[in-house]
Amino acid sequence: MSDVVISARGVQKSYGSNHVLQGLDCDIGRGITGLLGPNGAGKSTFMGLVLGLRPRQGGTLNVLGVDPDQSGPELRARLGYAPEHHDLPADVQAADLVRHIAQLHGLPRRAATERASDALWQVGLGEERFRPIGTMSTGQRQRVKMAQALAHDPDLLLLDEPTDGLDPVQRDDMLALIRRVGSEFGIDILLSSHLLEEVERVCDSVVILANGVVGHSGTLQDLGTATAGMRVELDSDSQPLAAALTARGAEAAVDGHILTVTGVDSAADLIRDLVADLDLGLRRLEPRRTTLEDVFIEASQ
Amino acid sequence: MTEARIHDRGYLAYDGPRHGPGHAMVVLGYHTVQRVLGLKRSNWQKVMPAITLLIAFVPAIVFIGLAALLPDSSDLDLGDPTGYYWLIVWMVFLFTSFVTPEAICTDRRSGLLGLYLASPLSRDTYLAAKLAAIVTVLGIMTIGPTLLMLIAFTLEGSGPDGVIDWLTELGRVLASGLAMAAFWGALSLAVSSFTTRRALASVAIFVSLLVSAAVGDGLAEGAEVGDSFALLNMITLPLETVYRIYGETNTDGPPIGEVGTLLVLFTHIGLIVAFGAFARWRYQRIEVTG
């Protein structure tokens with residue numbers, strides 16, 4: 001299988017005068033990829049295009065080697081999708097629903113029955129699989145959604161806000177399950193979310209959408225090694241140093257005794273010299289690591 | 001002796017056969033028939049379909065019994081299918097109005113539509129499978145009793161004479177039942193596509209049938225603007241089609257009997273296509289992600 005699972009070039013999608021995606025370019029590789037963006041950034045629209053539920057108005061889109069607009073049914077047979085909403089038919093048993101969806105994805109009834117049972121065990125609902133979904137908690141319903149997306153053994157799993165509505169313990173369990181599906185099960189995952197922390201915990205890569213385009217994409221590993229300025233901690237008030245740095249063209253953000261310095265080359269040398277000139281006590285001077293939050297805010301702006 | 005157990009066999013990849021969209025349509029259709037009939041659901045959900053189906057079959061069973069018990073039963077014309085449909089038409093309306101909306105309303109209300117459209121089904125194949133399921137279930141009422149009578153009367157020796165006549169009668173029974181089931185099934189699909197609420201769809205179907213009857217007959221008989229306006233009556237139009245299939249016209253009812261056969265059939269088929277096109281138009285606009 002290719003290392004690129006989804007490839008988008010200049011993808012456009014509008015609803016009337018609302019241009020949701022305006023030339024989206026990205027390559028989504030194997031593993032778990034977080035699709036981040038503020039509300040209205042186009043995450044769900046992009047998922048709809050990946051599933052082939054809507055035709056795009058421009059650009060090219062390739063999912064698992066095929067164009068969703070041309071080969072929607074064949075492609076969807078290889079995809080698993082867990083929607084954001086929690087609504088599922090209340091009077092249907094979890095095992096029946098998961099088996100039914102697996103059959104729709106092409107599995108014969110017997111195989112679908114076996115795999116539905118397996119999938120529900122894998123998501124931790126083995127004992128609960130014959131319960132009507134209407135009697136289940138939000139966390140259990142999220143797991144049912146995960147099971148129905150997994151049962152037919154998809155090549156790519158699309159998860160739309162899978163932790164929405166979960167309490168902290170359920171959320172941790174769900175994130176652990178997603179990590180397990182991506183690593184142990186070997187299924188590639190595109191995880192749509194607006195929660196940075198959960199993307200940082202489970203994803204290998206991230207694509208940030210903002211205003212209908214990709215604001216940033218890359219691996220979280222690369223993000224962890226990237227630096228953005230210097231971080232300075234003094235043993236006294238940092239305002240004099242901030243003023244001196246600003247006078248020399250640097251940008252200095254003050255937070256008590258801590259300064260974050262950006263916008264200038266050789267910042268470490270400049271800070272060292274100014275600290276000496278101002279006779280300040282220096283506790284710590286280190287490169288400032290770029291966080292996902294920094295990238296998200298920058299991309300969103 | 002040492003005992004060993006496998007507690008977790010891990011995730012197993014699936015490398016067996018996979019069927020295409022046609023299989024998905026059959027699976028969805030079968031599942032929908034089960035849902036509509038209340039199978040695998042609570043007893044309460046089984047009541048309405050069971051009662052209406054039972055009542056639709058009661059006259060047929062009585063007629064078959066009379067034919068078997070009475071020596072001169074052929075004088076009673078018990079096997080007249082067009083007359084039979086008038087007997088059960090209100091059961092068919094109740095079934096169409098209060099049972100068939102389950103076929104699509106619940107999918108949208110429960111979010112299941114999103115899962116369906118994320119499968120090899122498309123919006124068009126989804127609707128086609130749903131329509132086929134509704135027509136199948138309605139067909140149990142519109143074909144079942146008359147087919148049962150045809151078989152029973154044949155076994156009793158009072159059925160059509162000769163193979164050709166028998167096959168002709170069978171064709172008429174199937175065509176009549178299918179014509180009615182397709183018409184009211186398509187109407188149910190179109191009206192149900194308006195709302196996610198099953199009860200609302202039920203009332204809307206029932207009211208639309210009554211209003212169409214009032215408007216059609218009112219224009220044709222009351223205002224006397226033309227017999228063709230009687231075709232607007234969605235209760236009598238499918239029944240008139242049945243008369244035409246049997247080479248007859250309804251002489252007892254409204255002036256729809258005066259309308260030409262070609263126009264009756266054209267209106268019947270045209271409305272089925274229009275109902276289907278309307279449901280398709282509605283479903284093309286439904287968003288299921290997000």
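When the shell of 6.0 Å around CZ of B:Arg280 is examined, it contains 12 or fewer heavy atoms from other residues, nucleotides or ligands.
Annotation: maximal heavy-atom pairing with chain B below 4.5 Å, among A:Leu88, A:Leu79, A:Val181, occurs at A:Leu88. Between chain A and the residues B:Lys40, B:Arg123, B:Gln284, the most heavy-atom pairs under 4.5 angstrom are made by B:Arg123. Residue with the most contacts toward chain B among A:Pro108, A:Pro83, A:Ala111: A:Pro108 (heavy-atom pairs, distance under 4.5 Å). Considering only heavy-atom pairs separated by less than 4.5 Å from chain B, the leading option among A:Gln148, A:Arg115, A:Glu74, A:Gln103 is A:Arg115. With chain A as partner, the option from B:Ser122, B:Pro21, B:Ala118, B:Gly20 having the largest number of non-hydrogen pairs under 4.5 angstrom is B:Ala118. Contact tally against chain B (heavy-atom pairs below 4.5 Å) for A:His105, A:Arg54, A:Arg109, A:Lys145: the top residue is A:Arg54.
With rounding to the nearest 0.5 angstrom, the OH atom of B:Tyr126 is 12.0 Å from the CG atom of B:Leu131.
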How far apart are the C-alpha atoms of A:Asp69 and A:Leu61, what are their side-chain angles, what is the distance that settles it, and do they pass the side-chain contact (heavy atoms from CB on, under 4.5 Å) test? CA-CA 9 Å; A:Asp69 283 3; A:Leu61 181 62; over 6 Å; no

side-chain contact (heavy atoms from CB on, under 4.5 Å) evaluation trace for A:Val214 with A:Leu209: CA-CA 5 Å; A:Val214 173; A:Leu209 299 186; 3.9 Å; yes

Run the side-chain contact (heavy atoms from CB on, under 4.5 Å) test on A:Leu157 and A:Met146 for me, step by step, so that the C-alpha distance in whole Å, both residues' side-chain angles and the decisive distance to 0.1 Å come before the verdict. CA-CA 9 Å; A:Leu157 198 53; A:Met146 180 70 101; 4.0 Å; yes

I'd like to know whether B:Arg18 forms a side-chain contact (heavy atoms from CB on, under 4.5 Å) with A:Asp153, so could you lay out the CA-CA distance, the side-chain angles of the two residues, the decisive distance to 0.1 Å, and finally the verdict. CA-CA 11 Å; B:Arg18 287 180 191 267; A:Asp153 190 27; 3.9 Å; yes

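For the residue pair A:His19 and A:Gln12, no side-chain donor N or O sits within less than 3.5 Å of a side-chain acceptor on the partner. A donor-acceptor pair shorter than 3.5 Å cannot be found between the side chains of A:His100 and B:Tyr30.
With a 4.5 Å cut-off on non-hydrogen atoms, A:Leu97 touches chain B through its side chain but not through its backbone. Of the two parts of B:Pro17, the backbone and the side chain both hold a non-hydrogen atom closer than 4.5 Å to a non-hydrogen atom of chain A. With a 4.5 angstrom heavy-atom cutoff, A:Leu158 does not touch chain B via any of its atoms. At a 4.5 Å heavy-atom cutoff, the contact between A:Arg99 and chain B is made by side-chain atoms alone. With a 4.5 Å cut-off on non-hydrogen atoms, A:Leu107 touches chain B through its backbone and its side chain both. Heavy atoms of A:Val92 lying under 4.5 Å from chain B belong exclusively to its side chain. Proximity to chain A is limited to the backbone of B:Ile286, based on heavy atoms less than 4.5 angstrom apart. Within the 4.5 angstrom heavy-atom criterion, only side-chain atoms of A:Tyr15, from C-beta onward, approach chain B.
The two atoms that bring B:Leu39 and B:Lys46 nearest to each other are CA-CE, 4.5 Å, heavy atoms only.
Taking the six-membered ring where tryptophan is involved, the planes of B:Trp90 and B:Phe93 are perpendicular, since the angle between them exceeds 60° and thus also 30°. Between A:Phe185 and B:Tyr11, the ring-plane angle classifies as parallel under the 30° and 60° cut-offs.
Panel note: side chain A:Arg129, backbone A:Gly126; a donor-acceptor pair is recorded below 3.5 Å. Between the A:Gln140 side chain and the A:Ser137 main chain, a donor and an acceptor come within less than 3.5 Å of each other. The main-chain N or O of B:Gly38 is never found under 3.5 Å from a side-chain atom of B:Gln45 such that the two would form a donor-acceptor pair. Side chain of A:Arg143 to backbone of A:Val123: a donor-acceptor contact under 3.5 angstrom is found.
Contacts from residues 173-192 of chain B to chain A, taken as heavy-atom pairs separated by less than 4.5 Å, involve no residues at all. Scanning residues 95-110 of chain B against chain A with a 4.5 Å heavy-atom cutoff picks out B:Arg109, B:Ser110, ordered by number.
Partner of A:Ser193 under the side chain to side chain contact (heavy atoms under 4.5 Å, CB included) criterion, out of A:Leu159, A:Val199, A:Leu35: A:Val199 alone.
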